[in-house]
Amino acid sequence: MEVENQEPMQLEVDLGHLMATDLHHVFPSDPTPSREDLISQCLQKGTELVQAIAGSLFTLPSTEDVDGPLVKLPPPLAKLPRQKPLPKPKPPTKWEEFAKKKGIQKRKKDKIAYDEQTGTWKRTYGYDRANDEDAVPIIEAKPNDDPEEDPFAKRKENKKKRVEKQEKNRLQNLKQAAKFGALPSHVQLAATALPITGTQTAPKKVTKDELGNIAGTVATSTASGGKFDKKLAGEKPAQHKGKYRKFLPVVEGRGIGSQEKEQTEKILNKIMSKHSHDILNVDKAVTMHTVKKEKNRRFEKAKASATDSKLKTQKKSFKKGSSKKGKAKGK
Amino acid sequence: MLRIKTAKTRRGKRELERRAPQLVESGKKTLLLHGTKTSAVLNSVLTQIYHLKKGSAVKYSKKNDNINPFESGGETPLEFFSRKTDCSIFVYGSHSKKRPNNLIIGRMYDHHIYDLVEVGVENFKPLESFTYDKKLAPKEGSKPFICFIGEGFEAVEELKHLKEVLIDLLHGEVVENINLAGVDRAYVISAVSPNRVFFTHCALRLKKSGSVVPRMELVEVGPSMDMVVRRHRPPNEGLRKEAMKTSLQKPKKKEKNVKGDPLQGKIGNIYIPDQKIGEMSLPNKSKGVKRERREAKQNRSDRASKRTKEDS
């Protein structure tokens, strides 16, 4: 073996990570080596290191497997930081504490149990289970029983109460575990309502868009319309930027007409229209009224000129929107 | 009022349990992403790192313009992505005039930034530019050998940090047993100067030698680049202490198919796969056939001789 460097080769081999480090190698820098030289040197040293790792790796005791020899690696020397904190141990639930105090052992139930009623082996829980108390067709009445009470309904209610109590206890146990930071990984506790005294209704959940809109509305109360407000990291820019104010051009072009006149006309119309009626077109009603009046005058003139007024039938007007309406609403 | 929320599907529950903190941790998933401006070199670097770590890496292709890992406000998108994809290492590439071909490698603890290392990539040679015998190509997901050369890795603070981060990035999964036939790749990382590191990826060729230990040969296959260390942010002491904590407990391993009573003793279940006897082929059929034929011949000749005897 050629000895290139004067110092003995000192390698640190970490088999757990299949890693080797050579901390004593110095790259010669007097005649600055070319890139190829450097690369070849690196590869050469790399080969030596890999050989050293392989040397210790292949001499480990190996077991034969289908694909090839398996070796058991020692634990790694170089410590790496964890990616998540250590899991915290679960605090015992209320039942577990009670059982420990009383010395109650857990007993494993079999999947199948003997059902006395039918005399067969049925499953312990689930549909059509053994010794099911709720599935009896007849409940015998006891002497001190209330004749108006429905025992089946009573049984159902008792079961419901038991289930509710169990759920409550489960929630309490989970809350206790959450306090210690040991909630099981697939469970989350979500708040459905805030603990506000007084109002019974749960406050409405505000969505992301609504919050954005509210923030935008609030921003317009600043002098610059929320343009220079400091934003939190990750907050989206405001959609309604700055103030809305439209100024008319200083010099108007020809042919369009006066924009200022239009602006003031629009405003005036809006003001005046408060006292006008949308349903009734005043001018039309007035013209209809005058036309009707003229007709009546002509008719009366004709009537006066006619010979007998009694013989003539009285004409009634069945027209809609007759003069009455015009008189009533027109001003 | 609290409500218990559980996963609605069995698969969701399994995923949540996988993402929960565990006593002994396996390999970290890597997130690869880039900022608004990237160069061709940087794009190539990111895709090739993704290929090296296929299976335990997630690569984002969109531009992200609000990420500044070294500033206090600019790390929230990274933490959000880390939480969504369950990745604890990220590689963020960006290109600017001040920092060309910039690569920031960072680690997360509990989905918050733990430490950062910023390197510049120079003299990048992609996978395609190396010619070698295709049979030597390393398989995906194999555990690599990692070699560090140079005194810089002990002397210089940044290089020490870079070494730790590179081990975390490259070492793959933490395994107890390893198949000796499956070692086929090595990363060689050398500190040529106090701020420059030469990184290359090689395939291993095992050659027959006299003893059990084969002779190793390195063949450069993979991407190679020069890393110039720019900035780095080490973790603060308290966080580092917490992250390095290990537990003395071993994870509970349930022994399956075994149950025991003090009365009955230890009972185990053995499951035999279905033996399709009708479809099995007999071994050494020809030998049996030969023997049958021989015996049949013998019987025939015996019978013939007997008959002749009786006849005569």
Side-chain angles (χ1 to χ4, degrees), chain A residues 16-27 29 35 38-39 41-43 45-47 49-51 53-55 57-59 62-63 65 67-73 76 78-87 170-171 174-175 184-193 195 202 233-234, chain B residues 1-7 13 16-17 19-23 25 28 73 76-77 88 107-110 114 143-151 153-154 164 167-168 171 175-182 186 188 190 192 198 200 202 204 212-214 216-218 220 240 242-245 247:
Chain A
H17 282 309
L18 290 181
M19 189 177 81
T21 320
D22 179 5
L23 294 167
H24 296 272
H25 182 81
V26 183
F27 285 92
S29 54
R35 200 177 155 74
L38 268 178
I39 296 177
Q41 223 186 61
C42 292
L43 283 182
K45 283 299 295 186
T47 323
L49 287 177
V50 165
Q51 194 66 52
I53 306 174
L57 183 66
F58 281 80
T59 46
S62 73
T63 55
D65 198 46
D67 306 312
L70 273 182
V71 291
K72 188 160 154 46
L73 291 175
K79 284 225 174 82
L80 294 170
R82 287 179 63 93
Q83 46 176 329
K84 287 180 188 144
L86 281 167
R170 180 175 170 228
L171 185 61
L174 285 173
K175 272 205 253 182
S185 53
H186 54 276
V187 175
Q188 274 179 312
L189 287 176
T192 50
Chain B
M1 284 302 290
L2 287 174
R3 182 173 63 94
I4 302 173
K5 257 171 80 174
T6 47
K13 183 177 172 194
L16 282 171
E17 283 179 352
R19 291 195 180 190
Q22 278 145 19
L23 267 174
E25 286 189 340
K28 300 185 181 174
T76 31
S88 303
R107 293 186 288 184
M108 303 271 192
Y109 176 73
D110 199 18
Y114 176 75
K143 196 156 166 72
F145 282 27
I146 314 179
C147 308
F148 287 95
I149 307 169
E151 54 181 11
F153 286 118
E154 190 63 25
E164 204 188 309
I167 300 173
D168 225 341
H171 78 299
V175 283
E176 262 193 26
N177 303 323
I178 184 171
N179 186 354
L180 290 177
V188 178
S190 18
V192 285
F198 175 65
T200 183
C202 311
L204 288 178
V212 189
V213 182
M216 302 294 225
E217 215 179 86
L218 289 180
E220 257 199 287
R240 202 186 82 87
E242 207 190 313
M244 291 296 205
K245 265 196 246 185
S247 159

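Residue numbers begin at 1 in each chain, while the letters A, B, ... track the order of the sequences.
- Side-chain contact between B/Y109 and A/P85 is present, with at least one heavy-atom pair separated by less than 4.5 Å.
- Side chain of A/H17 to backbone of A/A78: a donor-acceptor contact under 3.5 angstrom is found.
- With contacts defined as side-chain heavy-atom distances shorter than 4.5 Å, the pair B/C202/A/L43 qualifies.
- The choice from A/M19, A/R170, A/Q41, A/K79 that makes the most heavy-atom pairs within less than 4.5 Å of chain B is A/M19.
- Formation of a donor-acceptor pair under 3.5 Å by the A/Q51 side chain with backbone atoms of B/P214 is found in this model.
- Put simply, of A/V187, A/T59, A/L80, the one with the most heavy-atom pairs under 4.5 Å next to chain B is A/L80.
- Of the possible donor and acceptor atoms, one in the side chain of B/E25 sits under 3.5 Å from a partner among the backbone N and O of A/Q83.
- The candidate with the highest count of non-hydrogen atom pairs below 4.5 Å against chain A, out of B/E154, B/R19, B/K28, B/E220, is B/K28.
- Chosen from B/P77, B/G150, B/A186, B/A7, the residue pairing most often with chain A at heavy-atom distances under 4.5 Å is B/G150.
- Residue contact with chain A, scored on non-hydrogen atoms closer than 4.5 Å, involves the backbone and the side chain of B/F145 alike.
- Looking at B/N179 and A/P69, their side chains come closer than 4.5 Å, going by heavy atoms from C-beta outward.
- Chosen from B/I178, B/I167, B/T76, B/L204, the residue pairing most often with chain A at heavy-atom distances under 4.5 Å is B/I178.
- Neither the backbone nor the side chain of B/R240 comes within contact range of chain A, judged by heavy atoms closer than 4.5 Å.
- Contact count versus chain B (heavy atoms, under 4.5 Å) is highest, among A/G55, A/G68, A/P81, for A/P81.
- For the set B/L180, B/V213, B/L218, the count of heavy-atom pairs under 4.5 angstrom toward chain A peaks at B/L180.
- Put simply, the side chain of A/K72 never gets that close to the backbone of B/E176: no donor and acceptor are under 3.5 Å apart.
- Inter-residue side-chain proximity for A/V26 and B/E151 is flagged as met; some heavy-atom pair is nearer than 4.5 Å.
- Of the two parts of B/Q22, only the backbone, made up of N, CA, C and O, holds a non-hydrogen atom closer than 4.5 Å to a non-hydrogen atom of chain A.
- At a 4.5 Å heavy-atom cutoff, the contact between B/V188 and chain A is made by side-chain atoms alone.
- With a threshold of 4.5 angstrom between heavy atoms, B/S247 approaches chain A through its backbone and through its side chain.
- Your options are B/I146, B/V212, B/L16, and the one with the most heavy-atom pairs under 4.5 Å with chain A is B/I146.
- With chain B as partner, the option from A/L57, A/L174, A/L38 having the largest number of non-hydrogen pairs under 4.5 angstrom is A/L57.
- Annotation: side chain of B/L23 is in contact with side chain of A/P87 (closest heavy-atom distance under 4.5 Å).
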